[in-house]
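Down below is the structure, laid out as structure tokens.
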Amino acid sequence: MNEGKLEKIIGFCKRRGFVYPSSEIYGGFAAVYDFGPYGVELKNAIRDLWWKRMVKDREDIVGLDSSIFMSPKVWEASGHVSGFSDPLVECKKCHTRSRVDHLLEEIKVVADEKMSEDEINELFEKNKDKVKCPNCGAKDFTKAKNFNLLVKSNLGNFTGDWDKEPTYLRGETCQGIYVNFKNVLDSSRVKVPFGIAQIGKAFRNEITARQFIFRTREFEQMEMQYFVNPMEAEKFYEVWREERWKYYVNDLGIKEENLRWMKHANLVFYARAAYDIEYNFPFGFKEIEGIHNRSDYDLTQHAKHSGVDLNYLDPKTNEKYVPWVVETSAGLNRNFFTVLCDAYTEEKVGNEERVVLKLKKELAPVKIAVFPLLKNKPELVSKAREVFDQLKINWVCEFDDNGNVGKRYRRQDEIGTPYCVTIDFDTLEKDDTVTVRDRDSMKQERVKVKDLEKYFSSAFGVK
Ligand code: GAP
């Protein structure tokens, strides 16, 4: 993979209706994207598959859909108000806060905003005797700390200076899970060990807006928090690492050589252990999911700040404790991007090039395309319509009678449609069979119209 491939994928996404830049007719809007007709089908297919594996297939995990807005106290308790940020320094004398990169710019030292906290601290340390506080002129600063990534809003605040007491758009979905921990315990039959899963939007004031949909300011997370006895946290951490790896390889069909584990050397404020699953994007290996041992950090913080007891009473042993949490946190947009990059293939067919999305069949935005061989033969068109109407009851289908059949195959290959069904003269005049053409092998076979249902049920699996 290479940078050229990234450009190709970006162009492909726009051309074939997968992803568009936001507000494009107004010149775009940085780090925000929209999903087009095929994009939304693919994204929903990934979302539904995750939900099936994490909730529907299991007895020990329940779902939740909490709000994007929560009490600002949630984000104070969670530590996000104080510790979820990009590099800033504070003057030790007058407590004025300044952006480190801006201060360095003043003395003609270029600081890259993409630098890690350690790198920027090192650079600041080297130059700090030349840097003055813009307010009092002192040269005594704290170490660089990061600028807060939470997106603020004036929801429910009708005063002019609402930003003194803002509400926040959630920076991660899991906080909605922690604050509902007691509700779920009291209203369902879950017992430790158990999980709560949720899919939803999250927002971050990301400074770095690049690499297409990899890092955006609005995105979707698919998070699951597994509540365990503290003595079992390490065991379940390993169980969940294994499960999540299998999901990428078996469920999403990602090539294993394009995946790897990355152990965090520097842990974020809430984590006892953290591993990322990384994918080999056109710009290199980058995180697609984090698996974290969050200990009892979040529940303890919320118990302390809310005054509500969030202990769990084990019904068998009568032991009382705050459960520890093993978190699996995936980005839906990054899952989508991973699937696209892994499936996007250019190959030679005879003298021609074809672009084909080698998606797992279950994920394809269109499952079956139906064609009449010729557009200007009403009897072929009406038979094709009949077949289309029959198949679209169970599968997402597309009817296409535009251009020659070869062109129609190429169009469907590009969006990853696993099967194309063509109605020809043999269908009408001979044996009521159609050709079914396979996207990957490009082989065709004749199948009786009355057997199509059975054929595709076995190809896609019964729902
Ligand atoms: N609750 C833990 C948490 O939010 P994180 O590592 O900050 O951990 C988890 O985020 C996942 O969310 C990432 O692995 C990534 O897939 C996705 N994600 C985070 N920030 C993102 C962004 N700005 N754009 C797209 N996806 C993002």
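First listed ligand is number 1; within each ligand, the first listed atom is number 1.
Heavy-atom contacts of Arg294 reach the following atoms of ligand 1: 1 (N), 2 (C) (cutoff under 4.0 Å). When each atom of ligand 1 is checked for a heavy atom of Glu223 under 4.0 Å away, the hits are 1 (N), 2 (C), 3 (C), 4 (O). Which parts of ligand 1 touch Glu172 is read off a 4.0 Å heavy-atom cut-off, strictly below it: atoms 1 (N), 2 (C), 3 (C), 4 (O). Under a 4.0 Å criterion applied to the non-hydrogen atoms of Glu289, ligand 1 contributes the atoms 14 (O). Listed by atom number, the atoms of ligand 1 under 4.0 Å from Cys174 heavy atoms are 1 (N).
Legend: residues meeting ring pair (Phe, Tyr, Trp, His ring centres under 6.0 Å) with Phe12, ordered by chain and number and at least two apart, are Phe18, Tyr344. Applying the side-chain contact (heavy atoms from CB on, under 4.5 Å) rule to Tyr321 yields the partners Val192, Asn229, Pro230, Tyr312, Asp314, Glu319, Pro323; only residues at least two apart in sequence or on another chain are considered.
When heavy-atom distances to ligand 1 are checked against a 4.0 Å cut-off, Arg215 comes that close through both its backbone and its side chain. Of the heavy atoms in Arg217, none comes closer than 4.0 Å to ligand 1. Only the backbone of Ile288 comes within 4.0 Å of ligand 1, judged by heavy-atom distances.
Contact of the Asn157 side chain with the Thr167 side chain is not registered, since no non-hydrogen atoms from C-beta on lie closer than 4.5 Å. Cys94 is listed as a side-chain neighbour of Cys133, based on a closest heavy-atom distance under 4.5 Å.
Remark: minimum distance from atom 18 (N) of ligand 1 to any protein heavy atom is reached at Phe219 CE1, 3.5 Å. For atom 19 (C) of ligand 1, the nearest non-hydrogen atom of the protein is Arg204 NH1, 3.5 Å. Residue, atom and distance of the protein heavy atom nearest to atom 15 (C) of ligand 1 are Arg334 NH1, 3.5 Å. In terms of protein heavy-atom proximity, atom 24 (N) of ligand 1 is closest to Thr216 N, 3.0 Å. Closest to atom 10 (O) of ligand 1, if we only count protein heavy atoms, is Gln221 NE2, 3.5 Å. Protein heavy atom closest to atom 9 (C) of ligand 1, with residue, atom name and distance, is Ser329 OG, 2.9 Å. Looking only at protein heavy atoms, the nearest one to atom 25 (C) of ligand 1 is Phe214 O, 3.3 Å. Looking at atom 6 (O) of ligand 1, its nearest protein heavy atom turns out to be Glu287 OE2, 3.0 Å.
Geometrically, ligand 1 and Gly331 share a nitrogen or oxygen pair separated by less than 3.5 Å.
Relative to atom 2 (C) of ligand 1, the option among Glu327, Lys286, His80, Gln175 with the closest non-hydrogen atom is Glu327.
Side-chain N or O atoms of Thr345 include one that pairs as donor or acceptor with a backbone N or O of Ala343 at under 3.5 Å.
Residue contacts with ligand 1 include His292, since one or more of its heavy atoms lies under 4.0 Å from the ligand.
Aromatic ring orientation, Phe460 versus Tyr419: perpendicular (interplanar angle above 60°, classes split at 30° and 60°). Between Phe281 and Phe283, the ring planes lie parallel to each other; the angle is under 30°, not in the 30° to 60° tilted range.
In this structure, Glu172 CD and Phe84 CZ are separated by 6.5 Å, a value rounded to the nearest 0.5 Å. Distance check, rounded to the nearest 0.5 Å: CG of Leu310 to CG of Leu299 gives 5.5 Å.
In this structure, Arg334 forms a cation-pi arrangement with Phe214, its terminal cationic atom sitting closer than 6.0 Å to the ring centre and no more than 45° off the ring axis. Note that Arg241 lies in the cation-pi zone of Tyr275, set by a 6.0 Å cut-off to the ring centre and a 45° limit from the axis.
No option in Lys358, Arg408, Arg15, Arg354 other than Arg15 meets the salt bridge (Lys or Arg N to Asp or Glu O under 4.0 Å) test with Glu414.
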